[in-house]
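Heads up: the structure comes next, in structure tokens.
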Amino acid sequence: MPSYTVTVATGSQWFAGTDDYIYLSLVGSAGCSEKHLLDKPFYNDFERGAVDSYDVTVDEELGEIQLVRIEKRKYWLHDDWYLKYITLKTPCGDYIEFPCYRWIAGEGEIVLRDGRAKLACDDQIHILKQHRRKELETRQKQYRWMEWNPGFPLSIDAKCHKDLPRDIQFDSEKGVDFVLNYSRAMENLFINRFMHMFQSSWSDFADFEKIFVKISNTISERVMNHWQEDLMFGYQFLNGCNPVLIQRCTKLPEKLPVSTEMVECSLERQLTLEQEVEQGNIFIVDFELLDGIDANKTDPCTLQFLAAPICLLYKNLANKIVPIAIQLNQIPGDENPIFLPSDAKYDWLLAKIWVRSSDFHVHQTITHLLRTHLVSEVFGIALYRQLPAVHPIFKLLVAHVRFTIAINTKAREQLICEYGLFDKANATGGGGHVQMVQRAMQDLTYTSLCFPEAIKARGMDSTEDIPYYFYRDDGLLVWEAIKTFTAEVVGIYYKSDQVVVEDQELQDFVTDVYVYGMRGKKTSGFPKSIKTREKLSEYLTVVIFTASAQHAAVNFGQYDWCSWIPNAPPTMRAPPPTAKGVVTIEQIVDMLPDRGRSCWHLGAVWALSQFQENELFLGTYPEEHFIEKPVKEAMARFRKNLDTIVSVIAERNKNKKLPYYYLSPDRIPNSVAI
């Protein structure tokens, strides 16, 4: 009688093993086997991290094995089991791999295909077509779209983390408990004694060191020492944690009536302001999005305020970017003066603090939350709904949506919900952050997620003109490496553009993103369908880059740049000044966050800047969804390209007082998971 050797690998994460009964049956082209209990006498099967082998003898020839069916039945208490893969050694001595990398919960059943990636057109056998269809039908019932707030990209239909399908939950929910993590962070930073001291102001700037000096690194310390300087202020628009707003000014806006006379002491080329604009030396950051946003009113004891500044910047003769004019609200007038470097020291400093605070709000809610977290969740939900596990695009992208839906669900449960942690310290809490996302959806376009085009659209693409824009330089290297890799994978499975057009599952995935994620808005520029291999490669690059590099660039520098509170105040406790020459240092300190809010802010930026335990970085694919040699070779080339980029960035950062490393591939996690 034919005999098969079945090797079963159990996951190594916490609680991956099971004591339940595991049954296996084989489905072949010539027949189906009986159910076989996988059990060795006097042996604890399916322990966490174990690889167990079993001999399975069948009554008759099964032909070519098409499916493996695994059933889990209760032994004593229900426990979930994480199955990594099954390897089958046939009677002929051939090995067939069946990747799984999924949880089997309760009394569940899972049916696996072998690991070869297949498009729908490759499946001619009825049982395989049926398996493909059933998998998607099941997934579409599990992964449902939901509107969390009007105007938002749609998200997963789950009120809390435990409502999610088991496959996309965190291994341990404790690891992503925001309340726990923020409290632990404050404890680790030795600042928990201040965490309930709301309404209690700091005495001066130096007083902020009480919650700062316990944990320091080169960048955060440098920020503390140099935050008041114009060079440090300008540098952050290029290489801080929100390097996506600055753009070249091609025409001075009418709403910012600044003249050459006002700024001539800042101009170094003996040119008029208009001539400097023509030569490409003037840059602008406009926080118009914040105009009219409601400030946080959740604490009746503390009034909180927002501004919508416009900041004009200048490239000096040393090619450094410095601020030359700041107007704190959008409509010019006597009570909305334009602040200048030539003004009194504290007038100019306070204007810069307002810009830094506004930058913090846009960074947290738009650059970080909307444009990485929520967008990646859209890609993740559409992926699970429309692409079966055997599809090459599912195999390619699944690592890049790992834990994204889970972290966003946890955020909606604890962080950005009504009365959530976001309300504790942020002036845009209490609903302002929701208004901001609703507005920013108008500017969320497909091309704005294409890194090279986004850089070009802001006029920031010239390395000669703007030599110290490391976010751009490193981002382009990583973008090209990802695009080369995706183009290789696309070339392996799609032999022509026609194959792309006829891949209905792929087209349904793209349509789902457009209709539900982008709410069917034509102005978003998101494709409704994809017609060429080149466009498919670009689309996949957008998905991977957004989830990995873009998120890394705007997330992991938060402690570096925002831990010195005056450099990134999460709230301001007095309105913007309406006149010059009246502000004092005491007033500035009183405007800044109180001790309690400062602590919650510091706990947040510390916790958000940490990598996940067992983080997987760009180019690492420990889950072997692909088994084909050409794809594995493409992955190896991808890793080699990324290693080269790591070396280039490390060389550039040598001896730099302010190294830029957020886009070094060895620091870029595969997915949005924090």
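These numbers come from the heavy atoms of this one structure, side chains and all, not from hydrogens, waters or symmetry mates.
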Val513 and Phe379: CA distance, side-chain angles, deciding distance, side-chain contact (heavy atoms from CB on, under 4.5 Å) verdict: CA-CA 6 Å; Val513 170; Phe379 290 134; 3.8 Å; yes
side-chain contact (heavy atoms from CB on, under 4.5 Å) assessment of Met591 paired with Phe305: CA-CA 9 Å; Met591 281 187 195; Phe305 297 89; over 6 Å; no
Pair Trp606-Tyr559, ring-ring contact (aromatic ring centres under 6.0 Å, His included): steps then yes or no: CA-CA 5 Å; Trp606 170 258; Tyr559 185 78; 5.0 Å; yes
Audit row: Ile353, Met572, side-chain contact (heavy atoms from CB on, under 4.5 Å) steps and yes/no: CA-CA 9 Å; Ile353 289 172; Met572 297 291 275; 3.7 Å; yes
Verdict with reasoning, Ile416 to Trp148, per side-chain contact (heavy atoms from CB on, under 4.5 Å): CA-CA 11 Å; Ile416 56 174; Trp148 186 67; 3.7 Å; yes
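Under the side-chain hydrogen bond (donor to acceptor under 3.5 Å, both in side chains) test applied with Asp359, the options Asn242, Asn567, Thr367 reduce to a single match, Asn242.
Ile466 approaches Gly459 most closely through the heavy-atom pair CD1-O, 4.0 Å. Summarising the geometry of Trp354 relative to Pro577, their closest heavy-atom pair is NE1-CD, 3.8 Å, with the distance given to 0.1 Å. Of all heavy-atom pairs between Ile324 and Leu273, the closest is CD1-CD1, 4.3 Å. Closest heavy-atom contact between Asp347 and Gly581: OD2-N, 2.6 Å. For the pair Leu663 and Ala549, the tightest heavy-atom approach, listed with the atom from each and the gap, is CD2-O, 3.3 Å. For the residue pair Pro243 and Tyr469, the shortest heavy atom distance occurs at O-OH, 2.6 Å.
Using cut-offs of 30° and 60° on the angle between ring planes, the pair Phe451 and Tyr471 is perpendicular. Note on ring orientation: taking the six-membered ring where Trp is involved, the planes of Phe611 and Phe556 are tilted (angle from 30° to 60°). Using cut-offs of 30° and 60° on the angle between ring planes, the pair Tyr660 and Phe470 is tilted. The aromatic rings of Phe360 and His363 sit tilted relative to each other, their planes meeting at an angle between 30° and 60°. Ring geometry for Phe287 against Phe237 counts as tilted: the plane angle lies between 30° and 60°, on a 0 to 90° scale.
To the nearest 0.5 Å, the span separating CD1 on Ile293 from OG1 on Thr428 amounts to 9.0 Å. Asn296 CG to Phe422 CZ: the interatomic distance, rounded to the nearest 0.5 Å, is 9.0 Å. One distance of note links CG of Leu349 with CD of Glu229; it measures 11.5 Å at 0.5 Å rounding. Taking CZ of Arg472 as the start and CD1 of Ile455 as the end, the distance is 7.5 Å to the nearest 0.5 Å. Note: Lys159 NZ to Arg412 CZ = 12.5 Å, rounded to the nearest 0.5 Å. Taking OG1 of Thr298 as the reference point, atom CG of Asp423 lies at 5.0 Å (rounded to 0.5 Å).
One N or O on the side chain of Gln435 and one on the backbone of Asp294 form a donor-acceptor pair closer than 3.5 Å. Counting only distance, with no hydrogens or angles, the side chain of Arg269 and the backbone of Asn316 share a donor-acceptor pair below 3.5 Å. Not a single donor-acceptor pair under 3.5 Å links the side chain of Arg356 to the backbone N or O of Pro566. The closest donor-acceptor contact from the side chain of Gln587 to the backbone of Thr584 lies under 3.5 Å. At least one donor-acceptor pair under 3.5 Å links the side chain of Tyr314 to the backbone N or O of Glu268. Proximity of a side-chain donor or acceptor of Asp461 to a complementary backbone N or O of Pro452 within less than 3.5 Å is not detected. At distances below 3.5 Å, not a single donor-acceptor pair connects side-chain atoms of Gln610 with backbone N or O atoms of Ala607. Side-chain N or O atoms of Arg573 include one that pairs as donor or acceptor with a backbone N or O of Leu592 at under 3.5 Å. Side-chain atoms of Asn225 come within 3.5 Å of backbone atoms of Glu221 as a donor-acceptor pair (strictly under, hydrogens ignored). Here the side chain of Lys352 pairs a donor or acceptor atom with the backbone of Gln228 at under 3.5 angstrom.
Side-chain atoms of His361 and Asn426 form no donor-acceptor pair, as typed in the model, at a separation below 3.5 Å. Under the 3.5 Å distance criterion, with hydrogens and angles disregarded, no donor-acceptor pair is assigned to the side chains of Gln438 and Asn149. Asn408 and Glu377 are linked by a side-chain donor-acceptor pair at a separation below 3.5 angstrom, with hydrogens and angles left out of the test. Side-chain contact check for Asn336 and Gln330: no donor-acceptor pair (N or O, by modelled atom type) lies under 3.5 Å. Side-chain N/O atoms of Arg371 and Ser448 include a donor and acceptor closer than 3.5 Å.
Between Arg652 and Asp473, none of the side-chain N atoms (NZ, or NE/NH1/NH2) sits under 4.0 Å from a carboxylate O, so this pair counts as no salt bridge. Using a 4.0 Å cut-off between charged side-chain N and carboxylate O, Glu147 and Arg519 make a salt bridge. Between Asp474 and Arg667 there is no salt bridge, since no side-chain N of the basic residue sits under 4.0 Å from a carboxylate O of the acidic one. A salt bridge does not link Asp560 to Arg222: none of the charged side-chain nitrogens sits closer than 4.0 Å to a carboxylate oxygen.
By the 4.5 Å heavy-atom criterion applied to side chains, His601 and Thr571 are not counted as neighbours. Looking only at side-chain heavy atoms (C-beta outward), Leu415 and Lys410 stay at 4.5 Å or farther from each other. Annotation: side chain of Leu444 is in contact with side chain of Leu449 (closest heavy-atom distance under 4.5 Å). Here the side chains of Leu370 and Met436 are not in contact, with every heavy-atom distance at 4.5 Å or above. Between Leu658 and Asn239, every side-chain heavy-atom pair lies at or beyond the 4.5 Å cut-off. A 4.5 Å side-chain heavy-atom check between Val478 and Ile668 finds at least one atom pair inside the cut-off. Side-chain contact between Tyr514 and Lys522 is present, with at least one heavy-atom pair separated by less than 4.5 Å. The shortest distance between side-chain heavy atoms of Arg597 and Asp299 falls below 4.5 Å.
Sparse packing is recorded around CD1 of Ile331, with 12 or fewer heavy atoms of other residues, nucleotides or ligands lying under 6.0 Å away. Counting non-hydrogen atoms of other residues, nucleotides and ligands closer than 6.0 Å to NZ of Lys255 gives a total above 12.
Figure legend: cation-pi geometry between Lys320 and Tyr235 absent, as NZ or CZ is not positioned both under 6.0 Å from the six-membered ring centre and within 45° of its axis.
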